[in-house]
*Asks:* 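Here it is: the structure, laid out below.
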Amino acid sequence: MSSSPEGIRLQKVLSSAGVASRRAAEDLIDQGRVSVDGEVVREQGKRVDPENAVIHVDGVRVVVREDRVYLALNKPRGVHSTMDDDRGRPCVGDYVRDRADRLFHVGRLDAETEGLLLLTNDGDLAHRLMHPSYGVLKTYLAEVSGPVARDVGRRLRDGVELEDGPARADSFKLVDNYAGKALVEIVLHEGRKHIVRRLLEEVGHPVLKLVRTQIGEVRLGNQRPGSIRALNRPEVGTLYGAVGL
């Protein structure tokens, strides 16, 4: 790691990225809490190339490239997970049509599933988030036919056999039982097509309604259907950390 005279001062890069004021960024550097390309920096005024430097504060990756975009969409039911639909159906691309950035969705939700869908132009992060080997957890709330027997959670965690091979949930929780229906939370890291619906149907509880509420540490919260928000710096940092970037 070397300081480039053509680069930008590290404290200015941190300030521009929204980490802290320039003075507070200098304190972070003094305290040894900032690393560049894997090495702790204590040198004030060090210059870095924000296009290529990998910067962490307290072990969390800081995204400093200004051209990177990270968005969370609450995808409504009936909207297809494509950026363009040749049949004219409502699609994710409709929600970002007026943006200059060339964005793509990270993974998919089937048309009947609502909830959290990430959009970005960061191909490396998107690829890792979608790849099951990185084990990024996705959380869903499902309304199913009920009541739900006590052994359903164990069966899903142990794994069931589907037509394209075994699959299992990382965790399962009964949230509520009511009038022949139940609300359950299911967490898993793989992303085979319709995997949540297929898992629950296999154990006798067809899905009536499905919402993805969380990806890694990024939560849908009270974001209304059809709305988009920019991820904040800590959220982006946790996604990077989850896939080892």
Side-chain angles (χ1 to χ4, degrees), residues 1-74 95-96 98-107 116-131 133-139 189 213-223 227-245:
M1 177 186 67
S2 60
S3 184
S4 168
E6 292 80 29
I8 300 173
R9 289 178 181 270
L10 180 57
Q11 54 266 53
K12 182 178 179 180
V13 171
L14 293 173
S15 176
S16 298
V19 174
S21 69
R22 202 171 302 187
R23 181 70 190 93
E26 291 173 353
D27 291 340
L28 292 173
I29 294 169
D30 281 339
Q31 294 161 14
R33 295 166 62 185
V34 181
S35 68
V36 177
D37 298 333
E39 295 183 29
V40 173
V41 175
R42 293 182 182 272
E43 170 195 342
Q44 295 294 343
K46 175 179 176 56
R47 293 179 179 271
V48 299
D49 176 6
E51 290 292 311
N52 298 299
V54 177
I55 301 171
H56 289 78
V57 175
D58 294 333
V60 177
R61 175 81 174 265
V62 177
V63 179
V64 296
R65 287 188 54 172
E66 295 182 358
D67 62 339
R68 290 292 189 241
V69 178
Y70 306 90
L71 304 175
L73 166 69
N74 184 353
Y95 293 86
V96 291
D98 59 346
R99 297 185 66 99
D101 315 290
R102 184 177 179 275
L103 301 173
F104 46 88
H105 49 86
V106 181
L116 182 60
L117 189 67
L118 302 180
L119 298 132
T120 186
N121 57 0
D122 187 335
D124 194 14
L125 177 63
H127 170 74
R128 293 189 181 211
L129 287 172
M130 289 186 285
H131 202 289
S133 65
Y134 290 97
V136 179
L137 299 177
K138 290 94 175 173
T139 303
H189 67 270
T213 59
Q214 190 170 338
I215 300 172
E217 295 299 318
V218 178
R219 294 172 170 81
L220 185 63
N222 58 4
Q223 190 176 337
S227 66
I228 291 180
R229 68 175 180 88
L231 299 188
N232 60 38
R233 184 184 66 81
E235 286 176 320
V236 176
T238 63
L239 292 176
Y240 270 96
V243 297
L245 287 171

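Computed from heavy atoms alone, side chains included, the values below leave out hydrogens, waters and symmetry copies. All residue numbers in this chain count up from 1 along the given sequence.
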*Asks:* Within this structure, what is the NE2-CZ distance for the pair H56 and R61, rounded to the nearest 0.5 Å?
*Replies:*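 Answer for the NE2-CZ pair, H56 versus R61, is 6.0 Å.
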*Asks:* Table please: side-chain donor-acceptor pairs of residues 17-25 below 3.5 Å, with sequence neighbours left out.
*Replies:*
| residue | atom | partner | partner atom | Å |
| --- | --- | --- | --- | --- |
| S21 | OG | A24 | N | 3.1 |
| R23 | NH1 | E26 | OE1 | 3.2 |
| R23 | NH1 | D27 | OD1 | 3.0 |

*Asks:* How far does CG of L103 sit from CG of L119, to the nearest 0.5 angstrom?
*Replies:* 6.0 Å
*Asks:* Quick one: do E43 and R9 make a salt bridge, cutoff under 4.0 Å?
*Replies:* no
*Asks:* Measure the spacing between CD1 of I215 and CG of L239 and express it to the nearest 0.5 Å.
*Replies:*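 Between I215 CD1 and L239 CG, I get 8.0 Å after rounding to 0.5 Å.
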*Asks:* Has D101 got a side-chain atom pairing as donor or acceptor with V69's backbone, closer than 3.5 angstrom?
*Replies:* no
*Asks:* State whether a side-chain donor-acceptor pair under 3.5 Å links D122 with Y240.
*Replies:*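 Result is yes, a qualifying pair exists.
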*Asks:* Which value, rounded to the nearest 0.5 Å, describes the distance between R233 atom CZ and T238 atom OG1?
*Replies:*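 Interatomic distance, R233 CZ to T238 OG1, rounded to 0.5 Å: 11.0 Å.
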*Asks:* State, with a plain yes or no, whether a side-chain heavy atom of L10 is found less than 4.5 Å away from one of V41.
*Replies:* yes
*Asks:* How long is the gap from NE2 on H105 to CG on L71, to the nearest 0.5 Å?
*Replies:* 13.5 Å
*Asks:* Is there a side-chain contact between L14 and V57, using heavy atoms and a 4.5 Å cut-off?
*Replies:* yes
*Asks:* Do E235 side-chain atoms and N232 backbone N/O form a donor-acceptor pair below 3.5 Å?
*Replies:* yes
*Asks:* Please say whether more than 12 non-hydrogen atoms of neighbouring residues, nucleotides or ligands are located less than 6.0 Å from CG in N222.
*Replies:*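 12 or below, so no.
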*Asks:* Give, for atom CD of Q11 and atom CG of L28, the distance between the pair rounded to the nearest 0.5 Å.
*Replies:*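 Q11 CD to L28 CG: 11.0 Å, rounded to 0.5 Å.
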